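Since this is a predicted model, take the numbers as computed values, not measurements. Lettering of chains follows the sequences in order, A, B, ..., and the numbering in each one begins at 1.
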Amino acid sequence: MKLPSKQTSIKEAIAHIKDGDTVMLGGFGVPGTPFVLIHALVKHGARNLTIVKNDANEPDMGVDHLLKSGQVARLVTTHLGLNGHAIKLMNAGEIEVEFNAQGILAERIRAGGAGLGGVLSDIGIGTELAEGKKEIEFGGKTQIIEPALRADVALLHAAQADSFGNLAYVGTAQNFNPLMAMAADRVVAEVESLLPLGELAANDIHTPGVFVDHVTELGELSEEYAVVQR
Amino acid sequence: MKLPSKQTSIKEAIAHIKDGDTVMLGGFGVPGTPFVLIHALVKHGARNLTIVKNDANEPDMGVDHLLKSGQVARLVTTHLGLNGHAIKLMNAGEIEVEFNAQGILAERIRAGGAGLGGVLSDIGIGTELAEGKKEIEFGGKTQIIEPALRADVALLHAAQADSFGNLAYVGTAQNFNPLMAMAADRVVAEVESLLPLGELAANDIHTPGVFVDHVTELGELSEEYAVVQR
Amino acid sequence: MIARAAREVQPGMVVNLGIGLPTKVVNHLPADFPVCLHTENGLAGIGPTLSPEQADRNLIDAGGAYVSTIPGSAFFDSATSFSLVRSGRLDLTMLGAFEVAANGDLANWKIPGKFSPGMGGGIELAQKARRVIVLTTHTDRAGNPKLKDACTLPITARGCVRRIFTDLAVIDIGADGFHLVETAEGVGLAEIKEATGAPLIVPATKLPSF
Amino acid sequence: MIARAAREVQPGMVVNLGIGLPTKVVNHLPADFPVCLHTENGLAGIGPTLSPEQADRNLIDAGGAYVSTIPGSAFFDSATSFSLVRSGRLDLTMLGAFEVAANGDLANWKIPGKFSPGMGGGIELAQKARRVIVLTTHTDRAGNPKLKDACTLPITARGCVRRIFTDLAVIDIGADGFHLVETAEGVGLAEIKEATGAPLIVPATKLPSF
């Protein structure tokens, strides 16, 4: 047996994205955000997208390019504090925004990736966060049912990969990437370096290649990946 | 800031275990089973225990020592196929056995570790497995509510650790260990080598030390850890 | 039968081979065949089985056999392992059976009063793999049919089985029951019908044999 | 106030410092102090903050500041990060506040119509840390009290706050409301009462100052 290769061009990897799709994007701030794949999605042009991402990056960075191109109908997120443009669009009613508690968004995505229907949580009970959510009594406590979340496509960024799609992240670039890798029908990873099969140690792989459909190596990293000068 | 040390003797680490406690044990077959901690628990003598472990090892190995000493009242597990002695005790009514689908046991433990009340799953619907379980309609489907599982103590085995309790596993010894590490009030890890703080790479740690209360280095490994000759 | 079953494995698939007969399928896959074998105790990319002398004490499959890795293998925990199974990333599983019903119900984990070691990961494999194939002897040791109108033993998963490989035949499960699709070399139709505990739909055309 | 708050951190604790005033507490912890600082974007064991010139592009805290690691730091994903918070492994969090009620309710994530960037990880920190401490100015920019009988803004978590550090005082929350426990150097009781929007229980004994 040998493991099949999933090396693909970016164009090919995202060709199947359609209008109305749900697209998960890895990243928390800059680390782990797939900036090149986001640019490719802008060029691709699919509209009416639901974007699932922890944050909306900053103006003129990452997700903001999709907001500016008008491709985003809905944003499922946790915090837009660093992107005033996103808040403006939300307040103007030009995008619909669904806020989730950060760890609950993580669990909902993970549940989708784990083939579960949802999770029970007491986070936000008795607050605005619980409004409109289904609550049940279970184990002697009131619990909110938080539904699993899946996407048509997940776009990820990893530091290293092999041709089977095994991924390794560095630093705080891990964040939502390993969770989204499990939770989409098609998973595309842009990677800083693509290593020969077998050079990623089997014990140190964060996302097993089994979950990944396409892997594509980046050239020199653009300014968007660099340290932000504030 | 520096990270506090959790290096403890085995005796000290398990001193707080009481009669009636729920004890999680890592391992799937031999790999990842904390044989030395199990022997210490036999010596410690706490009775009427609920043991949570994937399997019951084989006769005269691991969990079987706790079964022979009569310390186990209840076993929460997935498969006893390699331990005829455990099956005999179950059939004789000397221990109560609760079988879980393997991945559902993993999710129940993980949910306990994630501070969730449980997960929704459709595994086993329409079969004996679903009997006695609470079902709900959610998202247009029938789902079983699988309750989160926590323990008083988790006993784990890792290949490497540092003094803060960061753990790294090798091969298929990972299995339930990282999940149980999150799901117990007190977490004890026996490790094959204890490295100086900083020598485990921050990107390659499987269980962050934050979850671990006690770490103890093993001497030379006993026969129980070796390749089984069948 | 094992060799024939091995031909079900398509290039690029992720496959879980259950304990018993299915495990032997691996010996019939070419060395350079592009496939990822999964074992539920936490490995994707299983390599050849090893003898105790060659074995790594930390490297077993779910049946307890010592296995090896291949370039690109990855280890993971039990939650990730079954996430893969339940979320649809497992293309194919081959399982053993006590009974298979004409509607695809599978019973393979419990014989009340006789055999109840626990279900392990079998329920999730049977219920969630994209394609479930059964490898089994056509009858049990007493000669009773394993293919039946309905299962009498506790069910592992309902309506999950698509195809059955036995020592006598290859049988598909359609909306209307068992369909004979191939026969073992030298085995006649009458023998297969005799050994099957439910109606068998036989095409008018000549059947291939294996 | 920041220096005083830093003394709340006990040896061996796992601590999450919220964005704003709380983050500054780290500058008041001795270099060899045994503590594990957590940031919800996936790091336990935060080291000193770095300038953009020294920064690693892949190493930020939840507020976007560039941080460093220390020996024994570990990285993990967002699910693991909040598992730690929700399962009771976070001993202490220090958070900012818009309003704190006499029953410990905290409001710090939304001002309807004015400020609604989303809650990020704040709700889970407030609801699940074993001890929640608030660091805030005693009044808002317009001079209105932040400590009130009841919150008027959307709640982050109910009854979660145990202690409040302000520029004027240290105040505990008991079953019967706000208890004054320390005063800032040179600040009188009248001034504190005036700036507090709910009854303040003051002990008969002389209060320490910080």
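Of the listed residues (C/Glu124, C/Met13, C/Lys128, C/Arg86), the greatest number of heavy-atom pairs within a distance under 4.5 Å of chain A belongs to C/Arg86. Chain A forms the most heavy-atom pairs under 4.5 Å with one residue out of C/Ala79, C/Gly88, C/Cys36, and that residue is C/Cys36. Note on A/Asp213, A/Leu195, A/Asp204: by heavy-atom pairs under 4.5 Å with chain C, the leading option is A/Asp213. When each of C/Val26, C/Val14, C/Ile46, C/Leu84 is checked for heavy-atom pairs under 4.5 Å with chain A, C/Leu84 comes out on top.
The interface of residues 152-186 of chain C with chain A, defined by heavy-atom distances below 4.5 Å, is empty. Using a 4.5 Å cut-off between non-hydrogen atoms, the part of residues 150-171 of chain A that approaches chain C consists of A/Arg150, A/Asp162, A/Phe164, A/Asn166.
Using a 4.5 Å cut-off between heavy atoms, C/Val35 contacts chain A through both its backbone and its side chain. At a 4.5 Å heavy-atom cutoff, the contact between C/Leu37 and chain A is made by side-chain atoms alone. Interface remark: A/Ala148 contributes no atoms to any contact with chain C (heavy atom separation under 4.5 Å).
Between A/Gly115 and C/Ser87, the shortest heavy-atom distance links the atoms N-CB, 4.0 Å. Between C/Ala44 and A/Val210, the shortest heavy-atom contact is CB-CG2, 3.4 Å.
Between atom CD1 of residue C/Ile70 and atom NZ of residue A/Lys2 there is a gap of 10.5 Å, rounded to the nearest 0.5 Å. Expressed to the nearest 0.5 Å, how far CG of A/Leu200 lies from OG of C/Ser73 amounts to 12.0 Å. How far CD1 of A/Ile205 is from OG1 of C/Thr80: 12.5 Å, rounded to the nearest 0.5 Å.
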Original post:
Can you check side chain to side chain contact (heavy atoms under 4.5 Å, CB included) on A/Val187 and C/Arg89, steps first, answer last?
Top reply: CA-CA 11 Å; A/Val187 174; C/Arg89 287 281 176 185; 3.5 Å; yes

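At most 12 non-hydrogen atoms from other residues, nucleotides or ligands lie less than 6.0 angstrom from NE2 of A/His16. Counting non-hydrogen atoms of neighbouring residues, nucleotides and ligands closer than 6.0 angstrom, the NZ atom of A/Lys11 reaches no more than 12 such neighbours.
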